[in-house]
Amino acid sequence: IAVTDNISNAGNPILVVDGSVTAGHAGQQQQQQQHSLSVAKLIANFLRALADSAEKQLHEPVTRVAIALPEHFHGDHREAVREACREVGLHILRFHHEPAAAVIAYGLTNKADDEEFPVLVFHLGGRTSRAAMVSIEDGFTDVFASTHTELVGGLDFDIAIVEHAL
C-alpha cells in the first residue's frame with residue numbers, strides 16, 4: 001500500500017491509497033480498489049472514533065474539543081482540522097501546541113501564581129526529540145522557544161538507554 005499526500009484536487013490535499021494485486025483463495029489474485037480520502041475526511045473519521053469512545057465513557061455527548069497540534073501545524077493543517085471538526089459536529093474551543101498541552105495536562109497552569117514562570121518541556125519519542133520553553137502566566141500558556149533534533153528519538157533513544165544501563 002502506498003500512501004501519498006502530494007496529490008491535490010483544486011488545492012485540497014488528498015491521500016491516495018493505491019490498490020495492489022494480492023493473493024486470494026487457492027492462488028486466485030484479486031485487484032484491490034484505489035481509495036481516495038481528503039486529509040480532512042481522514043481526520044474527521046479519527047475524531048469521530050475518539051468522540052464516540054469518549055461519549056461511551058462519559059455517558060454524555062461530546063461536542064466541544066481542545067485540540068493539541070504539532071508546533072509546525074499552521075494554515076492548511078489547521079484548516080483541515082477545523083473542516084474535520086465541522087464535519088463531525090465538534091466545536092473547537094482552542095488549538096494548543098503540543099508543549100502547551102503537556103503543561104495543561106499536568107496541571108501546571110493551576111499552580112501558577114500571579115508571576116510568570118517558565119517550564120521546560122521535553123518530548124522524547126517518535127522520530128525526533130524536542131525541547132520547548134513554555135511560559136505560564138495567569139493560567140495562560142505560551143510556547144516562546146522550541147527546538148528539535150532528528151538524531152535522537154524513537155529507536156535511537158531506546159538503544160542509547162539500554163546501552164547506558166548495561
As an exercise, state the distance from [atom1] of [X] to [atom2] of [Y], rounded to the nearest 0.5 Å.
X: Ile104; Y: Thr141; atom1: CD1; atom2: OG1; value: 4.5 Å
X: Leu58; Y: Lys56; atom1: CG; atom2: NZ; value: 12.5 Å
X: Asp76; Y: Glu83; atom1: CG; atom2: CD; value: 11.0 Å

- Query: Applying salt bridge (charged side-chain N to carboxylate O under 4.0 Å, His left out), which residue pairs with at least one partner in residues 85-97 are found, sequence neighbours left out?
  - Reply: Lys41-Glu87, Glu79-Arg86
Close side-chain approach of [X] and [Y], heavy atoms under 4.5 Å:
X: Tyr106; Y: Val119; value: no
X: Cys85; Y: Ile43; value: no
X: Arg82; Y: Ile92; value: yes
X: Phe122; Y: Leu120; value: yes
X: Leu69; Y: Glu98; value: no

- Can you tell me if Arg64 uses its side chain to pair, donor with acceptor, with the backbone of Leu93 under 3.5 Å? no
- Message: Checking the side chain of Glu55 only, and the main-chain atoms of Glu60 only, is there a donor and an acceptor separated by less than 3.5 Å?
- Response: no
Between [X] and [Y], which heavy-atom pair has the shortest distance, and what is it?
X: Phe144; Y: Val134; answer: CE2-C, 3.9 Å
X: Pro70; Y: His97; answer: O-ND1, 4.0 Å
X: Leu108; Y: Phe117; answer: O-CZ, 3.9 Å
X: Val143; Y: Pro99; answer: CG2-CB, 4.1 Å
X: Ala80; Y: Ala40; answer: O-CB, 3.6 Å

- Message: Set out, in order, the CA-CA distance, both residues' side-chain angles and the distance that settles side-chain hydrogen bond (donor to acceptor under 3.5 Å, both in side chains) for Arg130 and His148, then state yes or no.
- Response: CA-CA 4 Å; Arg130 293 183 180 92; His148 75 279; 5.5 Å; no
- Query: Got more than 12 heavy atoms from elsewhere within 6.0 Å of NE2, His74?
  - Reply: yes
- Can you name the salt bridge (charged side-chain N to carboxylate O under 4.0 Å, His left out) partners of Asp52, sequence neighbours left out? Arg48
